[in-house]
Amino acid sequence: MSEEVGAPRSPSSAAGGQVPFLQKGLCACDSVPAKCRCPATISLPVPDNPQLQSRASLDSIIGQGCRIQVSVILPVRNTECWLDECLKSIVEQDFEGTMELSVFNDASKDNSINIIEKWKLKLEDVGIRVVIDGHDSPQPQGVGFAKNQAVIQSSGTYLCFLDSDDVMMPQRVRLQHEAAIQHPNSIIGCQVRREPLDSTERYTRWINNLAPGQLLTQVFTSHGPTVIMPTWFCSREWFCHVGKFNEGGKGVPEDLLFFYEHIRKGGGVFRVDQCLLQYRYHPQAATHSVLEGTIWNHRVRFLEDRALKHWTSFTIWNAGKQGRKLYRSLSPANQKKVAAFCDVDEKKIAKGFYTYQESKERPKPKIPIQHFRDATPPFIICVKLDLTGGAFEENLNTLDLKEGLDYHHFS
């Protein structure tokens, strides 16, 4: 692969004007408060200097104060086979503002750190500041820890998250920076191209085709955050307001938990409707270490907190395995709110009731099973999307209901 780098980057300020930094006394970043990089002053325009062609000139500008507009946050753990392509995509960004790469190496045992050091010179030669830290302990601290450390050591007004096995399109930083200025309390995502192309086809369609309103209404599904973590872009101020990633390590869905907290604190979700990231699928990805049961439990609690507490009763759409699993996972108070199950399966409907045999109540709870046309909204829908050739979606559309008000997907 070619390692040719582009022309030196100009330190001119990006379109959209200056954005206030968070005041130090108000920062809610609880990762390491003493090290929080949120400056206490308003960002000043970057001086009109000649093109940056050396690390010395770059450091002289940075040394005057925090004037980096975008920090690319890159946790690294044993990704030597993809790092060249990933780092090359940072060099090739067409963003004309000031950029920084913040790398935290989480105990890599391969050649990752040497590849990073090689690219450090090339990145700085085109005006991109590079900050590298990490540790070489026998065991990794986890991706949540690595992301937090990369954020702490960075200084940009905006944070652009990137996984070290992915590749950014040249316009990613520019377009997401423009969107973040317009949506200061939002996580900004984008459409993606999956690599290999034929992997996770349903998931990729969901990522790319959600309508703008569904970015908030479909937050309960098994797919996870409605904009995927490697596409996240947000202001440092908002990140500090939400708080750090969970540092529980392997098996913890740190991106999902951060996303839920972001929603709880009133955050928005916005997607740039262009493909700005090549999103790689491979067996070593950290997401495979998270157990399905862990995800399920977090989803149920979030559903109860965000939706069910506002309803006095509701219907579970799916009288089969998934619908009954949801019922059994609910708190006793929310179980009592289940008015019925509904379905299209005549055999299930003919049974008339679902009896909760595991219940300690006497008599055991018996929940009616109805045809979906006879059921009463609101619904929690436990039918997987995009799997029935459109039949389920057509049935739902016949009811003329509003997503997010009359029903939520929990598939």
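Small disclaimer: the values here were computed from a predicted structure and weren't measured.
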Check the side chains of [Y] and [X] for a donor-acceptor pair under 3.5 angstrom, ignoring hydrogens and angles.
X      : Y      : value
Ser155 : Glu100 : yes
Ser102 : Ser154 : no
His371 : Asp343 : no
Asn148 : Glu247 : yes
Arg129 : Thr98  : no
Thr231 : Arg271 : no

Check the surroundings of atom [atom1] in [X]: do more than 12 heavy atoms from other residues, nucleotides or ligands lie under 6.0 Å from it?
X      : atom1 : answer
Lys325 : NZ    : yes
Glu292 : CD    : no
Glu358 : CD    : yes
Asp374 : CG    : yes
Lys336 : NZ    : no

Verify, without hydrogens or angle tests, whether [X] (side chain) and [Y] (backbone) share a donor-acceptor contact under 3.5 angstrom.
X      : Y      : result
Gln153 : Val103 : yes
His262 : Gly268 : yes
Lys337 : Trp311 : yes

Please walk me through it: do Phe372 and Thr315 pass side-chain contact (heavy atoms from CB on, under 4.5 Å)?
CA-CA 9 Å; Phe372 79 91; Thr315 299; over 6 Å; no
Kindly determine whether Asp84 and Lys118 satisfy salt bridge (Lys or Arg N to Asp or Glu O under 4.0 Å), including the steps that lead there.
CA-CA 10 Å; Asp84 277 316; Lys118 176 188 69 176; 3.0 Å; yes
Kindly give the heavy-atom pair with the smallest separation between Ala340 and Gln370, and that separation in Å.
CB-OE1, 3.8 Å
Using the side-chain contact (heavy atoms from CB on, under 4.5 Å) rule, take Asn208 and Val192 through it: C-alpha gap first, then chi angles, then the decisive distance, then the call.
CA-CA 7 Å; Asn208 289 335; Val192 301; 3.9 Å; yes
[atom1] of [X] to [atom2] of [Y]: how many Å apart, nearest 0.5 Å?
X      : Y      : atom1 : atom2 : value
His409 : Leu396 : NE2   : CG    : 5.5 Å
Leu83  : Leu87  : CG    : CG    : 5.0 Å
Gln171 : Cys275 : CD    : SG    : 8.5 Å
Cys86  : Leu74  : SG    : CG    : 5.0 Å

Quick one: is the NZ or CZ of Arg174 closer than 6.0 Å to the six-membered ring centre of Phe95, and within 45° of its axis?
no
Within 45 degrees of the axis of the six-membered ring of Phe410 and under 6.0 Å from its centre: does Arg299 put its NZ or CZ there?
yes
Give me the ring orientation class for His183 and Phe270: parallel if the planes are under 30° apart, tilted from 30 to 60°, perpendicular past 60°.
parallel
Report yes if some heavy atom in the side chain of Leu159 is under 4.5 Å from a heavy atom in the side chain of Ser71; otherwise report no.
yes
Test Phe239 against every option in Tyr158, Phe245, Trp232 by the ring-ring contact (aromatic ring centres under 6.0 Å, His included) rule and name the one that passes.
Phe245
Take Trp206 and Gln218 through the test side-chain contact (heavy atoms from CB on, under 4.5 Å) and record every step on the way to the result.
CA-CA 10 Å; Trp206 183 80; Gln218 292 203 9; 2.8 Å; yes
